[in-house]
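By convention in this document, chain letters (A, B, ...) are assigned in the order of the sequence lines, proteins followed by strands, and residues within each chain are numbered from 1. All of these numbers come straight from a predicted model, not from anything done at the bench.
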Protein chains: 2
Amino acid sequence: MAELYKTKQRELIYNFLKENSSLHITADEISEHLKKQGSRVSMATIYRYLDRLVASKVVRKYHLGNGESACYQYIEDTSDCSGHFHLKCTGCGELIHMECSDLEKFFCHLRDEHNFRADLTQTVVYGECEKCLLKK
Amino acid sequence: MAELYKTKQRELIYNFLKENSSLHITADEISEHLKKQGSRVSMATIYRYLDRLVASKVVRKYHLGNGESACYQYIEDTSDCSGHFHLKCTGCGELIHMECSDLEKFFCHLRDEHNFRADLTQTVVYGECEKCLLKK
DNA sequence: TTGCGTGCAAAGGTTTTGCATGGCA
DNA sequence: TGCCATGCAAAACCTTTGCACGCAA
């Protein structure tokens, strides 16, 4: 499905996302990165392609709140939807990736007791990280 | 603290938020509501006042993702920050308010095991609600 | 009177869209 | 050749800001 045509622009965007699958990347960062590489790709193309990748579940879209731009991340393993979790520090802005067995419990609790199937890959927990708490 | 001056516009906005403290309201909804009441208040005034209310912790600001506008909610009881939680259905868009003792456990787990002090009032869990799951 | 609050209009930033052109198959 | 993809520019959208005027205290 998805892209019928393979183009240079799409290849560049795709590779950048895949090579940085541990990061959350904005459309603007993609544009900047490609510019440094010597390739210029219009924002329209970047957004249009990202929409397709999101629709075909190749990348995930995050919205980290306030006036910030949306972030995109390449999905490493399509099957794993349970163990990965995000914490965003409202102090320093850091995004923490968390793996934890207790999460599964929380997920099951929501499903069994509240009839709500949470999508933890889409969910971001806001709060303050260790470093920022110590600063106070 | 906060507003030194009491004005008609501020009173209207404040009352609307307070009377609907169970809802999450956008700046635009405030504008529309007041328009129906016969009062027109500029968006600039609404946003400026909301900023103040957020700064003085009278209302809470939520960002529900994607291109959606920010939502604001009057804080009923200033002290209660632990037991209230939000689930947003990605299917029908409904925002579910959840009270649950297991949440406290989850909150403590993050704090004790991950050194992260979550702000549950700012956090929204995405997923699918009962109704949308049944539709499938 | 003093200075904060308001409205208007313009600007800001991110994302989307229309249209003509360019490029893959 | 026949579409689809691209770039450009303009528009859409939410939110912020500058400035002159209005109004609370």
Measure the distance from [atom1] on [X] to [atom2] on [N] and round it to the nearest whole Å.
{"X": "A:Tyr62", "N": "C:dT14", "atom1": "OH", "atom2": "P", "result": "21 Å"}
{"X": "B:Leu50", "N": "C:dT6", "atom1": "CG", "atom2": "P", "result": "11 Å"}
{"X": "A:Ile46", "N": "D:dA5", "atom1": "CD1", "atom2": "C1'", "result": "14 Å"}
{"X": "B:Lys35", "N": "C:dG7", "atom1": "NZ", "atom2": "P", "result": "12 Å"}
{"X": "B:Met43", "N": "C:dG5", "atom1": "CE", "atom2": "C1'", "result": "17 Å"}
{"X": "B:Tyr14", "N": "C:dG5", "atom1": "OH", "atom2": "P", "result": "16 Å"}
{"X": "A:Tyr49", "N": "D:dG7", "atom1": "OH", "atom2": "P", "result": "14 Å"}
{"X": "A:Leu53", "N": "D:dA5", "atom1": "CG", "atom2": "C1'", "result": "14 Å"}

Inset, instruction - By nearest nucleotide on DNA chain D, pick out whichever of A:Val41 and B:Tyr47 is the more 5' one. - result: A:Val41
Legend entry - Nearest to side-chain heavy atoms of A:Arg10, which nucleotide of D:dT15, C:dG5, D:dA5: D:dA5
Just the table, please: protein N/O against nucleotides 17-24 of chain D N/O, every pair under 3.5 Å.
{"unit_1": "D:dG18", "atom_1": "O6", "unit_2": "B:Arg48", "atom_2": "NH1", "d": "3.4"}

Would you list the atom pairs, donor with acceptor, under 3.5 Å between side chains in residues 30-37 of chain A and any protein atom, with sequence neighbours excluded?
{"unit_1": "A:His33", "atom_1": "NE2", "unit_2": "A:Gln37", "atom_2": "OE1", "d": "3.4"}

Using a 4.5 Å cut-off on heavy atoms from C-beta on, say whether the side chain of [Y] contacts that of [X].
{"X": "B:Cys129", "Y": "B:Ile96", "value": "yes"}
{"X": "A:Thr26", "Y": "A:Glu29", "value": "yes"}
{"X": "B:Met98", "Y": "B:His86", "value": "no"}

Reckon [X] has a side-chain N or O less than 4.0 Å from the OP1 or OP2 of [N]?
{"X": "A:Arg40", "N": "D:dT6", "value": "no"}
{"X": "A:Ser42", "N": "D:dC8", "value": "no"}
{"X": "A:Gln9", "N": "C:dG23", "value": "no"}

Inset, instruction - Considering non-hydrogen atoms only, spot the tightest contact between B:Phe107 and B:Arg117 and give its length. - result: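 Looks like CZ-CG, 4.3 Å.
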Legend entry - Polar contact flag, side-chain donor to acceptor under 3.5 angstrom, A:Tyr14-A:Tyr74: yes
Inset, instruction - Would you indicate what B:Ala27 reaches in the nucleic acid, counting non-hydrogen atoms under 4.0 angstrom: base, sugar-phosphate, or nothing? - result: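 Nothing, no heavy atom under 4.0 Å.
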Legend entry - Plane angle bin for B:Phe106 and A:Phe106 - parallel if under 30°, tilted between 30 and 60°, otherwise perpendicular: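 Answer is parallel, since the angle falls under 30°.
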